[in-house]
Every structure is written in structure tokens, then in C-alpha cells.
Amino acid sequence: MGPKILSANWDVPGSHTLEVARSRGVYSRVAPALAMKPADITQVVKDSGLRGRGGAGFPTGMKWSFVPSKEKRGDKPVYLLCNADESEPGTFKDRYCMWLDPHLLIEGMIIAAWALDCHTAYIYIRGEFRFIQARLDEAVAEAYKAGLLGKNILGSGFDFDLHVHLGAGAYICGEETALISSLEGEKGQPKLKPPFPAVEGAWKAPTVVNNVETLAAVPWILEHGAAAYKALGTEKAPGTKLFSVSGHVNKPGVYEIPMGMPMRQFLDEVCGGVRGGKKLKAIIPGGSSVPVMTAAEVDLCSMDYESINQNAGSYLGSGGFIVMDETTDMVAALTNLLRFYAHESCGQCTPCREGCGWMYQILCRVRDGYATPEDLGTLRDLADNIHSKTICFFGASAAMPVQSFLTKFRDEFLERVQRPAAAVTVMASAPIPSAGA
Amino acid sequence: MAKVKINDTEIEVPNGTNMIEAAKLAGEEIPHYCYHPHLSIAGNCRMCLVETTTPRGPVLEIACNMQARDGLAIRTDTAQVLHMRKSVMEFLLVNHPLDCPICDQSGECRLQDYYMEHGQYDSRGLDPKVGKNKRQDIGDLIVLDAERCVQCSRCERFGDEVTGTGELRLMNRGDHTEIGMFPGDRLSHNYQGNLADICPVGALTNKDFRFQRRVWYLKETASVCTGCATGCNIQVCHQEGEVFRYLPRRNDQVNKSWMCDMGRLSYQEIAGLKRILKASVDGKAVEPDVATGEIATRIRAAGAAGVGFVLGTRATNEANWALLQMVRANVPGARIFVVEGNDGGQAAQGDTLLLSGDRNPNTAGARLLARHDGNVGDRLALLAALPELKLLVVLEDDVLGRLGAALPPVVFFGAFKNATAQAAAIVVPTAHPVEQDGSYINRQDRVQRVRRAVNPVGESAPAYVVVDRLGARLGKAPGTQMVAAAFNGMARAVERMRGLEFKGLGAEGRLLAPEAVTAVPGAEAST
Ligand SMILES: Cc1cc2nc3c(=O)[nH]c(=O)nc-3n(C[C@H](O)[C@H](O)[C@H](O)COP(=O)(O)O)c2cc1C
Ligand code: SF4
Ligand code: SF4
Ligand code: SF4
Ligand code: FES
């Protein structure tokens with residue numbers, strides 16, 4: 001299955017300790033990196049074709065190069081923020097990176113910081129990951145003690161401080177500008193773009209936000225070179241990727257594979273196939289926010305950004321691979337997803353704030369048999385009217401499941417609203433618990 | 001400058017102009033809730049979505065976060081834009097209580113207005129609405145109905161950016177987002193009324209105005225507040241001779257979009273118990289004409305050396321000018337004074353936002369005319385002259401309170417029963433600022449107009465008319481009954497006013513010419 005770049009140490013006992021990590025080569029890339037010119041590191045990352053693993057797949061080297069030069073930014077600092085908010089339903093890979101190999105992430109951040117002329121960085125970790133935060137704190141303390149963090153790292157003259165910041169349990173704080181608001185001490189709500197974080201981010205200073213998995217890939221790339229990384233995966237999606245597999249499969253879990261593996265092969269050979277020998281009905285390939293794929297589309301796709309987009313109109317996203325077999329009630333599945341979005345919408349902009357709750361209420365009625373075909377039309381319109389009309393991408397993330405489920409599993413929805421309607425009346429659906437509850 | 005295109009109209013605007021403002025200049029209203037010219041950009045309502053063309057084809061973007069740059073072109077009339085306006089309205093209203101019949105915003109509500117302009121769909125909302133806290137007493141002037149809120153965050157930004165007090169907060173998330181305050185917190189500043197003004201819907205309403213009148217019955221007259229030397233621009237809202245409220249009127253040079261609560265509520269004085277309604281002589285009510293005749297008699301008896309006149313820091317320029325002319329023509333040699341200070345003699349607190357510690361609307365105007373005349377004395381001069389004076393004629397100001405010294409018999413022309421009025425031998429009522437035309441000069445030296453919104457109460461008349469009538473009794477009327485002519489005559493005579501015309505003061509007023517720097521004798525020697 002190719003080399004392991006991110007999960008190589010996961011099975012080693014004590015992999016989260018500095019001692020074991022060092023014995024596995026972690027931190028061996030720091031000294032060579034600090035001997036390089038920062039711009040050269042960015043160039044290597046650019047050449048490697050590494051793309052952001054947080055969901056958008058934006059080329060990492062390019063993102064780093066958007067940070068204004070010292071002349072342009074004056075005495076403003078540069079911040080590096082590691083996005084460890086991982087809250088998307090179906091996505092659970094970053095937590096393993098941090099739990100099983102925290103030092104690899106720290107190493108990646110030291111190197112990235114050197115490349116970015118950054119002296120202060122934060123790991124913003126999901127509020128529910130308190131136990132992981134404790135482990136990260138230990139790892140950071142160990143690194144400080146070993147002179148890998150703090151003043152004059154390894155005698156190089158480079159100062160770099162790393163802080164772990166616990167979120168308060170909001171999915172939206174994974175969106176990079178909401179993460180920045182939250183880190184600043186404000187309510188965790190996305191900010192308008194422009195300005196973009198690379199130019200004006202945390203505390204109005206240039207800021208790079210990168211996913212855990214993205215940063216953890218950097219040491220390997222530096223050690224083995226851009227070409228070695230490019231040799232893995234596909235031309236446009238080089239390297240390996242972690243997939244978190246859940247749902248009706250025999251072997252759920254987190255797998256690291258090179259990009260481009262046929263999706264069927266991944267499902268059958270790596271994940272052990274559909275549970276109980278049942279037939280596959282659908283897959284959500286990139287975390288709950290991306291459009292659902294039918295079984296037929298699965299056969300056309302391989303595990304990379306371009307293939308999934310071109311053949312199924314969906315996205316690789318964060319690599320949350322949700323498998324649904326033939327017994328799945330697609331109406332109930334979508335209703336469940338929308339319950340999440342209605343609960344997590346930050347409530348800032350009109351279409352998403354009002355629309356997510358409304359879509360959820362309609363779906364509850366569809367699920368429970370109290371809806372009409374017109375309601376499906378309304379549902380579709382609402383999703384269309386939310387998608388890309390909002391401040392942040394959350395709106396689209398809530399709309400795309402609705403649009404794709406309604407299109408690709410239309411019959412199941414139609415059947416629900418055309419049941420001999422005993423009594424299609426207005427009824428109260430399950431109330432959405434308030435965020436504070 | 002940047003050339004921008006709105007639909008098919010090309011206009012030139014300063015670089016960086018907000019596109020909602022640029023469109024307005026091009027005659028195109030872009031509907032909006034959260035945008036406010038004097039608050040930061042929030043971009044949350046999405047009502048202002050317009051179409052721009054990018055290499056990827058047309059895209060929707062919010063106009064309020066778009067700054068004019070050369071070549072920028074937007075369309076506000078495409079099917080996509082119109083569809084989204086309708087859709088945003090549908091989203092905003094799906095959880096809205098629609099209690100327009102009992103809502104005070106009715107008639108000036110952006111939900112209503114934009115629904116009629118851009119909505120007009122049949123409701124598809126079948127599910128229960130999200131209920132919220134409906135009647136909250138959050139300050140002396142403000143009631144909050146969280147259900148009516150459209151979450152535009154204007155009030156939040158006002159508290160953060162204008163008053164710096166940050167009381168109102170949008171709490172919770174999703175469609176449970178609710179505007180509110182921390183338990184136990186309460187609005188306690190002097191600018192609360194602005195919250196009701198900027199709230200585009202009926203969520204924040206003004207207690208003082210609630211349930212008083214449907215706004216569509218109200219007429220508006222542009223004026224200025226006379227509560228202090230700042231002279232905030234206002235609209236006087238009135239119906240059939242009764243004033244119901246003041247609203248701030250935008251003037252970026254003076255008060256932006258704001259006014260203080262003290263000034264806002266000062267409309268209550270117009271028909272308040274402190275108004276002087278009747279003329280009186282020695283405590284007996286008489287016709288104003290009779291009082292005027294008696295004043296003339298007493299002035300003659302006192303003689304030029306025995307009578308003093310006091311210009312008003314609360315009077316209009318026209319009234320002060322009339323008094324100045326009247327005295328110089330009829331009682332040459334009589335002394336004229338200006339007594340600065342606040343009525344009652346108390347020092348007042350100002351703030352750094354709008355309110356001035358000088359609670360008179362026209363100190364600068366009275367000073368200007370005093371300078372012009374050259375022989376007008378100040379409070380010390382008046383104190384020194386008091387033993388020689390047998391009669392003191394006072395225009396509007398509480399000279400007694402300000403001086404804190406016993407006065408000779410007083411003739412008082414004024415609108416309010418202040419201490420001086422109460423001690424006066426003869427009183428003639430004058431009109432309130434909203435009952436007359438005229439001008440004041442604020443502390444920036446800006447000459448601003450008030451306009452007659454309602455008729456003078458009781459027997460009162462504008463002070464320049466009252467003074468003109470007295471002139472007629474003494475022999476020569478200064479001819480100041482026509483206010484525009486009076487102003488223009490004054491502007492021709494007073495150096496720093498030269499070039500100003502009453503009709504040309506416009507909505508935003510005009511600054512006086514800067515004070516001429518007169519050479520200080522002996523200054524040369526020291527250099
Ligand atoms: C609603 C929403 C939630 C997101 N949640 C996460 C998250 O939990 N973790 C993450 O790395 N990126 C998340 N993102 C993507 C980030 O905004 C950002 O693109 C990413 O952290 C950039 O890192 P990368 O370039 O390394 O992928 C989210 C985006 C949206 C719109
Ligand atoms: S799209 Fe949703 S989550 Fe994003 S800013 Fe708007 S309301 Fe908040
Ligand atoms: S806020 Fe506007 S729409 Fe709502 S009840 Fe009041 S007047 Fe009606
Ligand atoms: S109360 Fe009014 S001003 Fe405040 S957020 Fe709601 S609608 Fe906007
Ligand atoms: S006015 Fe532009 S989004 Fe509200």
C-alpha cells in the first residue's frame with residue numbers, strides 16, 4: 001500500500017513520547033531545515049504538490065507564499081495556526097495524528113514556522129478533545145525541555161513558541177476565520193473575506209492556517225524531497241492521505257493510502273467491504289459536507305480530488321469516508337445530517353441561519369410522513385438559495401448534502417411524501433436543542 | 001477617483017467609496033439591513049447581494065463589502081439578484097412574528113418595505129416559528145423584542161464602536177440566535193435612542209414614542225437640536241401642530257447619524273409646563289401689544305444710560321441681530337451685553353461623543369455679533385454696570401441664574417419660565433426653535449437652520465418679530481420680521497458671514513469664514 005508518511009509510528013508502543021518519537025526519526029528534520037533558507041523550504045513544499053488536508057485541498061506551498069514579505073508587513077508578526085478542530089461528522093483522522101504521534105505535528109510546525117518567519121504558533125484543538133490536549137501539552141512540554149521549542153532552537157538562533165488552545169466545542173470554529181475569531185477571544189464566527197488571513201488574520205497580522213495532517217506531512221517531504229512525494233499519488237494530488245472510514249463496513253478506521261487508489265479497491269480491500277455482505281447504496285467520500293455518491297458512481301472514482309469531482313460531482317474534502325449499505329434510510333440519514341447543521345450554523349448570516357433550521361424542520365416532516373411533494377420543492381429551493389450566498393462555506397456544506405440526496409435518491413423522498421397521506425398536517429417537529437444546552 | 005458602473009450608469013466616485021453609497025449616487029437603491037454608513041461592515045444580512053463579472057462568469061457578491069475601484073461594474077437588476085432579494089426576505093420572515101399591527105416600527109420597517117419591493121411571495125413556512133424573549137426592558141429609553149430581530153448586529157456594533165459600552169450581544173447560534181444582554185446589565189448611557197433608530201425592524205423601540213402615533217401620520221421638518229452647542233441635525237416629527245419625536249438627521253460633519261437622549265427628549269419642552277404662554281406686566285396677564293407698549297414706556301423712562309440689553313446665547317442669530325439693530329436705531333448709547341454660561345448657573349458636563357458642556361445652541365452666534373458690534377460687554381462688564389442700570393432687557397437667557405447677582409427690573413423675551421423670567425417685571429413669550437425659522441451657530445462655527453414645523457404656542461411669536469414690534473413702538477422698526485431678509489442683511493454686514501445666504505445654508509449648514517488673524521501689536525518686536 002505504499003510508504004506510510006503520517007501513520008508510520010502509530011503502531012509503535014509509546015509513540016507519543018519524545019524518546020520513542022526520536023528513535024523513529026521524528027525531529028531529525030529540524031536541524032537540516034533550520035540550515036536551509038526559509039524560501040527554499042516553501043519552494044520544496046510547493047514543488048511537492050502538497051495540498052491542504054483540511055477539506056479545501058488548497059496547495060500548501062502557495063498558501064505560504066501569500067504571506068507578505070517583511071518589507072510589506074512591517075513589524076507585524078506572522079502567526080501559524082494549526083487547525084485541530086476536526087468536528088465534521090465522519091472525519092476523525094487528526095485526532096489520531098495528535099494522539100499517536102504528537103511530536104511529528106510539532107516537528108512539522110517548527111519547520112513551517114521557520115519557512116514563514118513565524119515565532120508564535122497555536123494548535124487550536126476541538127473542545128471535546130480535552131484528553132488529546134493533555135497529551136499535546138505533555139509533548140509540547142517535552143519539546144521545550146529538549147530545546148526543540150522556545151528560545152534559540154537547537155542553537156540555531158531561531159525562537160519559536162507553540163501554544164495549545166482548546167476550543168469550546170463549536171464545529172464552525174474549524175472554519176479558518178472563525179477559528180481566528182475564537183482564538184482572539186471573540187465569539188467563534190467567520191469573518192468576511194477579503195481580507196484573507198494570509199494578509200490580515202489573527203490580531204490583524206498575516207496568518208497561515210493549516211490542517212494537522214497537512215503540517216504532519218511536511219517533515220517527510222523535506223527529508224525525502226519533493227520528487228519522492230510527487231512520485232506517490234496522482235499528478236494533481238500527490239502524496240498519501242488519511243481516510244477515516246465509518247458506517248457499514250467491515251473494518252472501520254483510519255487508513256493511509258496513496259492518492260488515486262480506485263474507490264472500489266479501497267472499500268473492498270482496505271476496508272474489508274460492506275458489512276454483512278450487503279450491497280453498497282451510497283458513500284459520502286469527504287466528510288458530511290460533500291455531495292453523496294451512488295454505488296454506481298463509486299465504481300467510476302478513485303481516491304483523489306479530481307476523479308471524485310469529475311465523475312461524481314463530489315469532493316474528497318477531509319477524507320471522511322462514510323459508507324451506507326442498501327438498508328440505509330436516505331431520508332433519515334439526511335435528516336440526521338441536517339440536525340447537525342441546524343445546530344452548528346453560527347447564526348451570523350441570514351440564509352444559513354434561518355435556512356438550516358428550516359430545512360431540518362421540513363426534513364423531519366418528510367421523514368415522519370407529514371410532508372407534501374411541494375415541501376420537497378421548497379427544500380430544494382432553500383438549499384439552492386443558501387449555497388454560495390453566505391459569509392462562509394458552511395452554508396454550502398449544509399446545502400450540498402440536501403441537493404445531492406434529493407437528486408440522487410429522489411425516489412426515496414418522493415415515496416415518503418406520496419404515501420397515502422393519512423393526515424398531512426402541520427406538526428411540531430423535534431425541537432433543535434439550543435447550542436447552550 | 002474611480003470610474004464605476006452600476007447597471008448602465010457610469011459614475012466617478014472617490015476610490016474606496018462603499019458601493020452601496022456609490023449606487024445611491026447613481027440613483028440605484030441597494031436594499032440592506034446590516035450596512036450602516038457610520039458602523040463597521042458586518043456583511044451578515046445578505047440583502048445587498050449584487051452581481052459582478054469575474055473571469056469565471058457572473059457571481060453574487062455583497063455590495064456593502066465592495067469598495068469602488070476603477071473599472072468595477074455591478075448589476076443590481078439581474079434575475080439572480082432579484083431572486084436572491086426575494087429569497088433573503090423569505091429567510092428573514094420565516095421565523096418573524098409578523099406582529100406589525102401592534103409593532104411601532106410599522107411604517108418605517110425594512111421588513112415591510114423590502115417585502116413590498118422585493119419579496120411578494122406566498123409564504124411556504126409551515127413549521128412552528130422559533131420563539132424568543134419578547135418584551136424586555138433593557139434601558140430607560142429602550143424596549144427589546146428579540147423575536148422581531150433580524151440579527152443584523154447593528155446595535156451590537158453601535159455599543160462596541162460608538163458608545164464603547166458593548167451591552168447588546170447576539171447570543172446562541174443558528175435560528176436560535178438571539179439578541180440580548182447579560183443578566184443584570186442595563187443600558188445606561190445618553191445615546192440609547194439611536195439604538196431604536198438604527199434597528200431596521202421593530203426589535204428595539206423607543207419607550208418614549210411607543211404607541212404614541214403611527215409614523216405614517218407624521219410629517220418631518222428638518223431642523224437642529226438646540227439642547228447644546230453641538231447642534232445635532234434632526235428631523236422634527238409632528239402631526240397637526242403636535243411634535244411627537246425628534247430623530248437625528250444625518251450630517252457627517254456634525255453628528256453623523258446620532259443624537260443624545262437629552263436632546264432627543266427635549267421635544268417634550270415644546271408643549272411642556274415651562275413654556276411661557278402669555279405676556280404679563282408686573283405679574284398681570286396682558287395682551288402682548290400692551291406689554292410691548294409698556295416696555296417702550298419704561299425704556300424711555302430709564303433713558304439710554306439707564307437701560308441695558310442682553311443678547312441671547314439661546315436666541316437665534318436673527319433675534320440677536322434684530323435686538324442689536326433695534327437698540328442702535330432707537331436707544332443709541334444704551335449698553336449691550338452677552339452673558340455666557342448655562343441657565344441656572346450650573347456648570348454642565350459634556351462628553352467626547354456629541355454633548356457639549358455648553359448647553360446653549362448659539363453661544364458662537366451671540367459672540368460673533370458681539371465681536372461685530374465691538375461695544376458689547378461680557379458678564380464682568382454687566383456686573384460692573386449693574387448699579388447704573390434701571391432696566392435690563394433680556395433675550396431668552398437666564399441672566400439672573402448665570403450672574404448670580406441681583407438685577408434691576410427685567411424685561412424678559414423668552415420661551416421658558418427660567419429664574420430670570422420668573423423674576424421679570426415684564427414678560428413677552430417667544431417661539432420655541434421648532435416654531436420658527438432662523439439660524440444658530442454651533443461650536444464648530446457652523447451656521448445651521450431651524451425651520452418652522454409647528455405654530456408658536458399661546459401668544460408667543462419668534463423673538464425677531466417681538467423685537468421688531470418693540471422697535472416700531474420706539475420709533476424705528478429694524479425691519480427684521482422677514483427672516484430670510486434679516487439673515488441676508490446680517491450676512492452682508494458681519495464680516496465672517498459674508499457670502500452666506502439664508503436659502504443657501506442647505507441641509508448641512510455652512511461654516512463661518514475663519515477668524516481673521518489680527519496682528520498683535522508689539523508681536524513684531526519680539527521676533
Ligand atoms: C464549516 C467548516 C468547517 C471546517 N472545519 C475544519 C476542521 O475542522 N479542520 C480543518 O483543518 N479545516 C476545517 N475547515 C477548513 C478550513 O477553513 C481551512 O480551509 C483549513 O484549515 C486550511 O488548512 P489546509 O490548507 O491545511 O487544509 C473547515 C471549513 C469550513 C467551511
Ligand atoms: S454561512 Fe452559516 S456558519 Fe457561515 S457565517 Fe453564515 S451563518 Fe455562520
Ligand atoms: S418589525 Fe416590522 S415586520 Fe416586524 S412586526 Fe414590526 S413592523 Fe412588522
Ligand atoms: S435588535 Fe435590531 S439592530 Fe440589533 S441585531 Fe436585531 S435587528 Fe439588528
Ligand atoms: S448590507 Fe451587505 S450584507 Fe447586509
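Reckoned from all heavy atoms, side chains included, excluding hydrogens, waters and symmetry mates. A quick note: this is a predicted structure, and the numbers were derived from the prediction, not measured. Lettering follows sequence order; numbering is per chain, from 1.
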Quick check against the 3.5 Å criterion: does [X] have a side-chain atom that pairs as donor or acceptor with the backbone of [Y]?
| X | Y | result |
| --- | --- | --- |
| R353(A) | T177(B) | no |
| K389(A) | V88(B) | no |
| R173(B) | H343(A) | yes |

Can you tell me if [atom1] on [X] sees more than 12 non-hydrogen neighbours from other groups inside 6.0 Å?
| X | atom1 | answer |
| --- | --- | --- |
| F182(B) | CZ | no |
| K204(A) | NZ | no |
| K76(A) | NZ | yes |
| K236(A) | NZ | no |
| K256(B) | NZ | no |
| R186(B) | CZ | yes |

Margin query: Going by side-chain hydrogen bond (donor to acceptor under 3.5 Å, both in side chains), N385(A) matches just one of E90(B), R46(B), H83(B). Which one?
Written below: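 Checked E90(B), R46(B), H83(B) against N385(A); only one passes side-chain hydrogen bond (donor to acceptor under 3.5 Å, both in side chains): H83(B).
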Notebook entry, point to check: Quick one: are I62(B) and I391(A) in side-chain contact, heavy atoms under 4.5 Å?
Noted result: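 The answer is no, as the side chains (C-beta and beyond) never meet within the 4.5 Å cut-off.
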Notebook entry, point to check: If we only count heavy atoms from C-beta on, is the S345(A) to D175(B) side-chain gap below 4.5 Å?
Noted result: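 Not touching, per the 4.5 Å side-chain cut-off.
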Check: Would V150(B) and T350(A) count as a side chain to side chain contact (heavy atoms under 4.5 Å, CB included) if you check the C-alpha gap in whole Å, the side-chain angles of each, and the deciding distance to 0.1 Å?
Finding: CA-CA 8 Å; V150(B) 291; T350(A) 307; over 6 Å; no
[X] side, atom [atom1]; [Y] side, atom [atom2] - distance, nearest 0.5 Å:
| X | Y | atom1 | atom2 | result |
| --- | --- | --- | --- | --- |
| C45(B) | Q348(A) | SG | CD | 11.5 Å |
| L126(B) | W358(A) | CG | CH2 | 8.5 Å |
| C352(A) | N44(B) | SG | CG | 12.0 Å |

For [X], is it the side chain, the backbone, both, or neither that has a heavy atom closer than 4.5 Å to a heavy atom of chain A?
| X | result |
| --- | --- |
| I41(B) | both |
| M47(B) | neither |
| L92(B) | both |

Contact class of [X] relative to chain B, heavy atoms under 4.5 angstrom:
| X | answer |
| --- | --- |
| I172(A) | neither |
| E374(A) | neither |
| K191(A) | neither |

Checklist line | Ionic contact status for R124(B) with D381(A), cut-off 4.0 Å | finding: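 A salt bridge links D381(A) with R124(B).
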